[in-house]
Amino acid sequence: MINKIKLNIISNRKLCENENLEKQIEKIFSAYERKIILKNFEIVAFTLREKDLKENEYLKLIEEIYPICQKYKINLILHQNYDLNLDDKYKIDGIHLSYNIFKSLNENIKAELIKKYKRIGVSVHSLNEAKEVENLGASYVVAGHIFETDCKKGLEPRGLKFIEDLSSALSIPIFAIGGIDEKNSLSVIDRGAFSVCMMSSMMKY
């Protein structure tokens, strides 16, 4: 049996039809379960990234998205909002933080987050950042951007060499992001990434 490529889907409701993220996620997960899309992939996580939302709006979105993730047995990862007053009914599998936010946390807060969320992922854009966050206790890194992408217009992609360099230096998993699609995913995994992340192609599916 061929090993499936691990996939973390990143949300961006502004790319969805009518900005209806709930409907889009149901559509993706349903098609995945029926093996209509992503036949060579295993969805290991869904990251709720909506950076522009206020805390109460983000909580409301969790309320809508969480049952869909539960229905399809997909792990939900929260983004940036590490001090949310979450109801105990939510079993969240991780939280993703920016490099700057993660660096600013004191040891007590970090320990609380690990206890609450099990895993903390951190965005990195250089080898030094990646080494630093690993030493500070990050569970995994999200590294990018690897290929050209509309989300980072005009910015030079870091390329596959970046993944190779991280892979030889880190012991924690690497999630690659930026311009990744079904066609180029394997090249990223072959360079040492644990998983790939997709946003645009999934939000526009």
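Hydrogens, waters and symmetry mates play no part in the numbers below; they use all other heavy atoms, side chains included.
- Considering NZ of K27 and SG of C16, their distance stands at 9.0 Å, rounded to 0.5 Å.
- Listed by first and then second residue, the ring pair (Phe, Tyr, Trp, His ring centres under 6.0 Å) pairs that reach into residues 96-123 are H79-H96, sequence neighbours excluded.
- Rounded to the nearest 0.5 angstrom, M198 CE and I43 CD1 are separated by 9.5 Å.
- Applying the salt bridge (Lys or Arg N to Asp or Glu O under 4.0 Å) test to pairs two or more places apart or on separate chains, those with a residue in residues 127-149 are K103-E132.
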_With side chain to side chain contact (heavy atoms under 4.5 Å, CB included) as the criterion, how do L48 and L21 come out once you've worked through the C-alpha distance, each side chain's angles and the decisive distance to 0.1 Å?_
CA-CA 10 Å; L48 191 59; L21 183 62; 3.6 Å; yes
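- The two atoms that bring L166 and A130 nearest to each other are CD2-CB, 3.4 Å, heavy atoms only.
- For D52, the side chain to side chain donor-acceptor pair (under 3.5 Å) partners at least two apart in sequence or on another chain are R13, K14.
- I101 meets the side-chain contact (heavy atoms from CB on, under 4.5 Å) test with Q80, Y82, L97, S98; sequence neighbours excluded.
- Between atom CD1 of residue I62 and atom CG of residue L86 there is a gap of 5.0 Å, rounded to the nearest 0.5 Å.
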Quick one: side chains of residues 172-189, donor-acceptor pairs under 3.5 Å with protein atoms, not counting sequence neighbours, listed by atom name and distance.
residue	atom	partner	partner atom	Å
D181	OD1	K183	N	2.9
D181	OD1	N184	N	2.9
N184	OD1	D181	N	2.8
N184	ND2	G179	O	3.0
S185	OG	D181	O	2.6
S187	OG	N184	O	2.6

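- V122 has its side chain out of reach of S139: every pair of non-hydrogen atoms, C-beta onward, lies at least 4.5 Å apart.
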*Given the rule in the side chain to side chain contact (heavy atoms under 4.5 Å, CB included) test, do V124 and V142 qualify, once you have shown the distances and angles that lead to the verdict?*
CA-CA 6 Å; V124 295; V142 175; over 6 Å; no
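- One hydrophobic cluster, built from ILVMFWY side chains closer than 4.5 Å, cannot hold both L127 and L155; they sit in different ones.
- For the salt bridge (Lys or Arg N to Asp or Glu O under 4.0 Å) test, residues two or more places apart in sequence or in another chain that qualify with R119 are D93.
- For K161, the salt bridge (Lys or Arg N to Asp or Glu O under 4.0 Å) test picks out D165, with sequence neighbours left out.
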*Decide yes or no on side chain to side chain contact (heavy atoms under 4.5 Å, CB included) for N12 and M202, but give the supporting numbers first.*
CA-CA 9 Å; N12 184 344; M202 292 291 100; over 6 Å; no
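- Separating the CG atom in N81 from the CG atom in L53 is a distance of 8.5 Å, to the nearest 0.5 Å.
- In this structure, E50 and L61 have side chains that are in contact, with non-hydrogen atoms separated by less than 4.5 Å.
- The two residues C69 and F46 come nearest to each other via the heavy atoms SG-CD2, 4.0 Å.
- Side chains of N8 and V196 form no contact here, defined as non-hydrogen atoms less than 4.5 Å apart.
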Under 3.5 Å, sequence neighbours excluded: what are the donor-acceptor pairs made by side chains of residues 70-77?
residue	atom	partner	partner atom	Å
Q70	NE2	Y66	OH	3.4
K71	NZ	E26	OE1	3.4
K71	NZ	E26	OE2	3.1
Y72	OH	E26	OE2	2.3
N75	ND2	V44	O	3.3

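- Within the 4.5 Å cutoff, no side-chain heavy atoms of F41 are placed close to those of K6.
- If you take CG on L136 and CG on L105, they are separated by 9.5 Å, rounding to the nearest 0.5 Å.
- When the salt bridge (Lys or Arg N to Asp or Glu O under 4.0 Å) test is applied to K110, the partners found at least two apart in sequence or on another chain are E107.
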*Kindly indicate, with the supporting measurements, whether the criterion side chain to side chain contact (heavy atoms under 4.5 Å, CB included) is fulfilled by T47 and L78.*
CA-CA 6 Å; T47 300; L78 303 187; over 6 Å; no
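- The side chain to side chain donor-acceptor pair (under 3.5 Å) analysis of residues 31-45, with sequence neighbours excluded, yields the pairs S30-R34.
- Residue pairs that meet the side chain to side chain donor-acceptor pair (under 3.5 Å) test with at least one member in residues 190-205, sequence neighbours left out, are E164-R191.
- Here the CD1-CG distance, from I28 to L38, works out to 8.0 Å after rounding to the nearest 0.5 Å.
- For K23, the NZ atom counts as loosely surrounded, since its 6.0 Å shell holds 12 or fewer non-hydrogen atoms of other residues, nucleotides or ligands.
- Under a 3.5 Å cut-off, the side chain of K91 and the backbone N or O of D88 do form a donor-acceptor pair.
- Looking at heavy atoms from C-beta onward, T149 lies out of side-chain contact with F147 at the 4.5 angstrom threshold.
- Here salt bridge (Lys or Arg N to Asp or Glu O under 4.0 Å) pairs that include residues 55-69, with residues two or more places apart or in two chains, are K60-E64.
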